[in-house]
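Take a look at the structure set out below.
Side chains are part of it too, since the values below use all heavy atoms of this structure and drop only hydrogens, waters and symmetry mates. Numbering starts at 1 and runs along the sequence shown. Atoms within each ligand, like the ligands themselves, are counted from 1 in listed order.
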Amino acid sequence: MEPIQIGSLTCKPLHPTFVAEISGVDFSQVPLPQNVIDDLVAAQNRFAVTVYRDTGLDDARHVKFSQQLNECELCPKFGGPAQPDRFSDPHLFDAGNMNLDGTLIQKDTRRWWYNKGNALWHTDSSFNQHRSKYSLLLAHLVPQEGGDTQFADVRTAYDDLPQEKKDEIEDLVIEHDLWWSRQIAAPEEFKSVTQHEKNAKQPAYHKLVQVGPDGRKTMFIAAHAKRVMGWSQEKSTKLITELIEHCTQPKYTCSVKWYHPGQLVWWDNRISMHRATPFSDQMEKRDMRRTTVFDDGPEAYGVPDAPQMELGGSLPPA
Ligand SMILES: [Fe+2]
């Protein structure tokens with residue numbers, strides 16, 4: 001596939017419909033000039049997932065660059081381990097497999113099984129009423145083998161749905177619940193989660209069919225998607241499973257390899273899904289740090305009063 005030029009950026013597609021490796025950005029100059037940010041966002045809107053080698057970014061510039069894209073989430077505390085963070089900046093989410101002292105997270109600990117949910121196809125933070133638009137994952141230490149991140153092109157998958165399916169799902173609202181994906185990923189271990197913990201993280205509500213930042217229609221779905229408002233759990237699970245399976249067929253997916261520290265992968269949670277793949281997590285260290293950028297688009301805050309639909313209500317006017 002031939003490289004494409006967007007402003008000062010050279011974009012080398014890694015898949016026929018999405019994902020590109022970008023060159024031409026000098027991350028030592030963060031904060032970047034606005035024209036470069038504009039080019040990067042244009043590339044992001046086009047490819048949904050962009051990959052950058054050898055950024056040279058450190059924690060401070062990783063956060064600063066992310067904040068040029070919008071305000072960033074503070075690292076969530078719910079459901080995670082009751083231990084101090086490894087990082088000084090509260091905007092950095094720990095996506096690695098190391099404890100505070102640098103040892104490997106042991107199998108069967110809370111943090112170990114909690115991370116199993118990342119192996120399901122998901123979108124980051126869809127369980128928040130104020131959802132995220134971007135995740136920016138920076139490698140600090142990568143395993144020798146495995147640990148690729150796989151992505152799915154939800155826009156193209158939506159385009160390819162039969163019209164009758166598009167009509168069926170057009171106005172649906174989905175409940176997204178962090179605990180739902182954790183229960184699916186680790187049903188036995190999930191039994192240790194207390195009601196107090198569950199109460200601390202309530203579900204969020206978002207429209208299923210949305211218009212993405214490039215004007216194309218897409219779906220906001222994946223592992224945290226628990227049910228369709230107004231539908232039974234059984235009927236909801238059937239549709240959600242069907243749509244995730246449709247979107248994650250091999251023709252819509254692309255696996256991104258992690259080569260070395262300093263590599264950055266930036267994805268748009270509104271128009272793609274992703275999942276982690278296995279590596280020898282009890283043998284090798286993986287240090288990955290993520291910033292998560294709040295959405296500021298028209299669907300950023302979802303449908304907060306959707307629970308009323310359970311009482312026979314309908315979607316509030318747009
Ligand atoms: Fe994720």
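- Salt bridge R53/E21: present, at least one basic N to carboxylate O contact under 4.0 Å.
- In this structure a side-chain-to-backbone donor-acceptor pair under 3.5 Å is missing from E197 to V193.
- Here the side chains of F127 and W179 are not in contact, with every heavy-atom distance at 4.5 Å or above.
- Ring centers of F47 and H15: at least 6.0 Å apart, outside the cut-off.
- Protein atoms that are N, O or S and lie under 2.8 Å from the Fe ion (ligand 1) are these: H122 NE2, D124 OD1, H274 NE2.
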| Criterion salt bridge (Lys or Arg N to Asp or Glu O under 4.0 Å) on R46 and D214, from CA distance to verdict | CA-CA 7 Å; R46 173 161 184 163; D214 62 340; over 6 Å; no

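- Aromatic rings of H62 and F27 (six-membered ring for Trp) have centroids beyond the 6.0 Å cut-off, not under it.
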